[in-house]
Amino acid sequence: MIRTAITLMAALTPLLAVAAEPKIEIVAHRGASFDAPENTVAAIKLAWEQNADASEFDIFLTKDGQIVVIHDPTTQRTAGVKGTVAEMTLKELRQLDVGKWKGAQFAGEKIPTLDEMLATVPAGKRVFIEVKCGPEIVPELNRVLKASGLKPQQTAIISFHADVIAAVKKARPDLPCYWIVHLAPKGQKPRTAEELIEKAKEIHADGLDLSAHEAILDKTFGDKVKAAGLKLYVWTVNDVELAKKMIAAGAESITTDRPGWLREQLAK
Ligand code: G3P
Ligand code: CA
């Protein structure tokens with residue numbers, strides 16, 4: 001009887017250990033942007049195919065008040081054509097090809113609208129929508145999110161701009177909002193957990209999305225953020241050893257260009 005109980009415990013221990021490990025959320029950065037052109041419908045669809053838990057992408061407002069998905073304020077790098085997103089209409093932007101720079105097989109990819117990206121989101125998955133412009137985007141953002149039919153918890157808003165986070169939280173307290181911070185900006189002092197927590201509380205952020213600086217973001221730093229009731233996320237990690245260090249520091253999600261590959265590496 002006792003021997004049976006001991007054998008049963010021995011068999012269950014590894015299973016219990018796996019169950020106790022916190023699940024890390026893998027977030028595709030600009031879609032699966034290692035393999036497909038960043039911030040396109042092809043990249044976000046590939047992120048879902050690679051079983052990402054979530055996908056991040058960047059948004060701007062066009063001259064005619066539409067929301068488009070692109071990282072830079074200009075079109076040169078991904079479309080090979082000079083132009084400023086905020087000074088162009090949606091029709092003008094849609095004439096550009098943002099796929100062919102990544103490979104001939106992606107020729108014809110257009111700059112997506114926000115609603116096109118949201119239409120790809122499967123049940124149980126979510127997006128991290130990074131607002132690259134200012135709070136003037138909030139009314140149109142709210143309209144498109146409501147029209148998408150997605151649940152509020154599926155559409156997290158992230159931004160480097162603290163005023164954007166504050167404005168989104170004011171308009172839509174039900175949307176998860178995470179403040180993005182570079183922990184070691186060039187020529188400035190490294191950021192401290194205390195100052196970030198104070199600011200995050202002031203703007204009503206639900207969490208921090210931090211650059212993965214292992215010399216700054218250790219377990220002591222991570223514990224302070226989580227003890228303050230804030231989520232702790234990191235970007236952009238394409239190195240498995242760094243990913244493990246960030247998980248040890250308490251990161252609950254990791255943004256990566258290679259969601260499928262990173263999940264496989266972490267499972268080894
Ligand atoms: O997830 C945050 C990260 O995307 C911020 O950096 O330059 O890729 O927008 P960036
Ligand atoms: Ca981004």
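Order of listing sets the numbers, starting from 1, for every ligand and every atom in it.
Against a heavy-atom cut-off of under 4.0 Å, R30 is close to the following atoms of ligand 1: 7 (O), 8 (O), 10 (P). Ligand-side atoms of ligand 1 in range of D209: 1 (O), range being under 4.0 angstrom from any heavy atom.
Using cut-offs of 30° and 60° for the angle between ring planes, the Y233 and Y178 rings count as perpendicular. Note on ring orientation: taking the six-membered ring where Trp is involved, the planes of H213 and H182 are tilted (angle from 30° to 60°).
Looking from atom 5 (C) of ligand 1 to the surrounding protein, the closest heavy atom is E130 OE1, 3.5 Å. What sits closest to atom 2 (C) of ligand 1 on the protein, heavy atoms only, is W235 CG, 3.6 Å. Among protein heavy atoms, the minimum distance from atom 7 (O) of ligand 1 is reached at H71 NE2, 2.8 Å.
Ion pair K102/E109 not flagged as a salt bridge, since none of the NZ, NE, NH1 or NH2 atoms sits closer than 4.0 Å to an Asp/Glu carboxylate oxygen. Between K91 and D64 there is no salt bridge, since none of the side-chain N atoms of the basic residue sits less than 4.0 Å from a carboxylate O of the acidic one. The pair K132-E130 meets the salt-bridge criterion, since a charged nitrogen lies less than 4.0 angstrom from a carboxylate oxygen. We find that E38 and R77 are joined by a salt bridge, their nearest charged nitrogen and carboxylate oxygen being less than 4.0 Å apart.
Distances from the Ca ion (ligand 2) to each N, O or S atom of E56 single out OE2 as the nearest.
Heavy atoms of F160 found under 4.0 angstrom from ligand 1 belong exclusively to the side chain. With a 4.0 Å heavy-atom cut-off, ligand 1 is reached by the side chain of D58 but not by its N, CA, C or O.
Evaluated by nearest non-hydrogen atom to atom 9 (O) of ligand 1, the leading choice among E56, H182, E38, K132 is K132.
Any N or O atom pair closer than 3.5 Å counts here, and T236 shares no such pair with ligand 1.
Using a 4.5 Å cut-off between side-chain heavy atoms of Ile, Leu, Val, Met, Phe, Trp and Tyr, with links allowed through other members, L114 and M88 fall into different hydrophobic clusters.
The environment of CZ in F34 is sparse: at most 12 heavy-atom neighbours from other residues, nucleotides or ligands sit within 6.0 Å.
Seen from the Ca ion (ligand 2), atom OD1 on D58 and atom OE1 on E130 lie at an angle near 80° (rounded to 10 degrees).
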